[in-house]
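Inspection log for the structure reproduced underneath, given as structure tokens.
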Amino acid sequence: MKNVQFFVPVAAARADLDTVLRTASGLRLLAPFDPMLVDFVVAFAKSILLDRTSREYPELVVLGNFFRTARIERLKRALMMEEGAACFGRGLVFHIAPSNVDSVFLYSSLLSVLCGNINIVRISRNAGPQLRFVLDKLERALAQAGLGERFYVLTYEHDDAITTRISAQCHMRVVWGGDATVSKIRSLPLRPTATELCFPDRFSAAMLRADAINALDTAALDLLCGDFYNDAIWFAQQACSSPRLVAWIGDEQACTTARLRFWQSFAQVLKHKDFENSSGMAMDRFVTACLVATEPTHRDTTALGFPTRILMNSAPLAAAKHHHRGNGLFYEQCFGDVPAFLSTLSDQEQTLSVFGYEGPEMAQWLGDLPMRSVDRITKVGHALDFNEIWDGTRLLQAFTRRISIEL
């Protein structure tokens, strides 16, 4: 299939896809957390952290820190062999990466590597400088570890025939993308014994306690707004865990005061940040604001600058969430208490970043959540942190299988 372009390993560019699939399918699996696999992942992470260029891509620094040796040891302990069962990788895993968040595919694919799997990753053809930086590091680390036949990164135009060809050989398919992408890929056949893991469109929110905001001094509020900036503005709000809704909890006066203080402080934070605000992003905000203005939940829209804020009433926002395209746009809602807000959520919600409440408090309200809503609750400033539990799935368990021994 000549339309396929291999990035990693470079040598694969001289082979065709069918040859690569035959080679990959014929390899013997290494044991989960085999020292060769651990050394490769650690070396790759270190190569990012030790390169000054990575400072231009702070999300890659987070990635590098995630795969430090100590963290990998904790992951290994989390995958302890069950009594009476042997643990193995699933086999050949086909990852379809999202086009809007360059680094996210590395978390799942590297966890899959650590579980002993052979991996083929399809990325977007629109590789930016950050992705090229990562691919160079990946190529070098694989070559040094002698694992070039266990991790392939390729690209091709949307082509059902190619996707189907790879899917017919893989033992697991991992799909990152919008609802339309997930539905399309799911319609393509997968070998009967294979499993599938999908990460479709999700919507995330920040929940802020108004009186806790009002109790902060200027310096503390600036720090909070800096954390919120990291959650929301990296990736132009395209990450599934980036907050697009800000829910204010408190009485009307407290919420009004907190909103005013928070956004004034956030404006000051923006003055010291270098962020993208293209004409296309501005147009996205304008179009969304126009669409949402026709919704019965709409109350008020700020001037269409950066950020743009749209105040909604306290009803569920199903239609408005569908319109949201990120790029510096925030819906706002005010609620008298936490259960009132939680009751408006749906299975579309992924991450809830919280300020002003502690873990035990949140735990007591989880029963107020509608079925299947919210997969993560974290502090403001940690919304983009990756975890081996993602969208409610334990990835280490998903990337492995157990052979029960009943003798």
Side-chain angles (χ1 to χ4, degrees), residues 98-101 104 175-184 198-208 228 231-249 255 259 263 280-302 304 306-335 338-355 365-366 368-378 380 383-384 390-392:
S99 61
N100 56 354
V101 183
V104 71
V175 186
W176 297 84
D179 291 350
T181 296
V182 169
S183 296
K184 178 63 177 176
C198 296
F199 299 98
D201 282 335
R202 303 302 300 274
F203 191 95
S204 295
M207 187 179 77
L208 309 181
F228 182 79
D231 283 350
I233 306 304
W234 283 4
F235 303 120
Q237 279 182 301
Q238 301 302 307
C240 55
S241 56
S242 300
R244 298 183 174 191
L245 164 68
V246 180
W248 298 95
I249 311 299
C255 287
R259 290 177 62 226
W263 293 114
M281 294 168 67
M283 182 58 70
D284 268 350
R285 296 196 298 273
F286 174 74
V287 171
T288 301
C290 291
L291 291 170
V292 172
T294 66
E295 298 290 337
T297 50
H298 176 266
R299 287 177 57 186
D300 183 47
T301 301
T302 62
L304 294 172
F306 189 100
T308 295
R309 295 156 41 213
I310 302 178
L311 182 62
M312 317 291 282
N313 63 34
S314 57
L317 302 179
K321 290 173 184 176
H322 175 73
H323 296 317
H324 204 299
R325 293 293 179 269
N327 297 317
L329 175 73
F330 296 96
Y331 297 151
E332 293 185 88
Q333 288 182 294
C334 299
F335 297 88
V338 173
F341 166 56
L342 296 183
S343 68
T344 68
L345 302 180
S346 70
D347 63 351
Q348 192 176 358
E349 268 67 50
Q350 188 216 55
T351 297
L352 181 62
S353 48
V354 173
F355 176 77
W365 291 315
L366 295 184
D368 295 296
L369 286 168
M371 187 181 297
R372 185 56 187 86
S373 58
V374 180
D375 288 316
R376 298 174 65 226
I377 299 175
T378 187
V380 171
L384 298 185
W390 198 254
D391 278 13

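Residues: numbered from 1 along the sequence shown.
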- Message: Pair N327, Q238 - check side-chain contact (heavy atoms from CB on, under 4.5 Å), show working.
- Response: CA-CA 8 Å; N327 297 317; Q238 301 302 307; 3.7 Å; yes
- Query: Angle class for the F341/F335 ring planes (parallel below 30°, perpendicular above 60°, tilted otherwise)?
  - Reply: tilted
Take the angle between the ring planes of W263 and F330 and call it parallel below 30°, perpendicular above 60°, tilted in between. tilted
Verify side-chain contact (heavy atoms from CB on, under 4.5 Å) between L366 and V374, making sure each step is shown before the conclusion. CA-CA 9 Å; L366 295 184; V374 180; over 6 Å; no
Next item on the list: I would like to know whether L317 and H324 meet side-chain contact (heavy atoms from CB on, under 4.5 Å); could you show each step before the answer?
Entry: CA-CA 11 Å; L317 302 179; H324 204 299; over 6 Å; no
All heavy atoms of P339 vs all of W365, minimum pair found to be CG-CD1, 3.7 Å
**OP:** Please examine the side chains of P243 and F228, heavy atoms only from C-beta on, and report whether any two atoms are closer than 4.5 Å.
**Re:** yes
For F306, does its backbone N or O pair with a side-chain atom of R309 as donor and acceptor, under 3.5 Å?
no
Minimal heavy-atom distance between P316 and T344, with the atoms involved, is CB-O, 3.9 Å
Exercise. Ignoring hydrogens and geometry, is there a side-chain-to-backbone donor-acceptor pair from R244 to Q237 under 3.5 Å?
Worked result: yes
Please list every donor-acceptor pair under 3.5 Å in which a side-chain atom of residues 290-299 meets a protein atom from a residue at least two apart or in another chain.
| unit_1 | atom_1 | unit_2 | atom_2 | d |
| --- | --- | --- | --- | --- |
| T294 | OG1 | L291 | O | 2.6 |
| E295 | OE2 | H323 | NE2 | 3.3 |
| H298 | NE2 | T301 | OG1 | 2.7 |

For G326 and R285 the tightest heavy-atom approach is O-CG, 4.3 Å
Residues P370 and S373: closest non-hydrogen pair is O-OG, 2.7 Å
When rounded to the nearest 0.5 Å, the distance separating CD of E332 from CG of D300 is 9.5 Å
Rounded to the nearest 0.5 angstrom, the CE-OG distance for M371 and S346 is 13.0 Å
Please answer whether the main-chain N or O of D179 pairs with a side-chain N or O of D201 as donor and acceptor at a distance below 3.5 Å.
yes
Aromatic ring pairing W176/W390, orientation class (parallel under 30°, perpendicular over 60°, tilted between): tilted
Does a side-chain heavy-atom distance below 4.5 Å link T288 with Y331?
-> yes
Note to self: Does any part of the side chain of L369, heavy atoms only, come nearer than 4.5 Å to the side chain of E349, both counted from C-beta?
What the structure shows: no
Determine yes or no for a side-chain-to-main-chain donor-acceptor pair under 3.5 angstrom, with S204 supplying the side chain and C240 the backbone. yes
### Query
Are the side chain of D231 and the backbone N or O of A383 linked by a donor-acceptor pair below 3.5 Å?
yes
Can any side-chain N or O of D368 pair as donor or acceptor with the backbone N or O of S343 at less than 3.5 Å?
no
Is a donor from one side chain sitting under 3.5 angstrom from an acceptor on the other, for D391 and Q350? yes
To the nearest 0.5 Å, atom SG of C255 lies from atom CD1 of I249 at 7.0 Å
| Residue pair L245 / M312, side-chain heavy-atom distance below 4.5 Å | no
Worksheet item: Can you check whether T351's main-chain N or O pairs, donor with acceptor, with S241's side chain at less than 3.5 Å?
Response: no
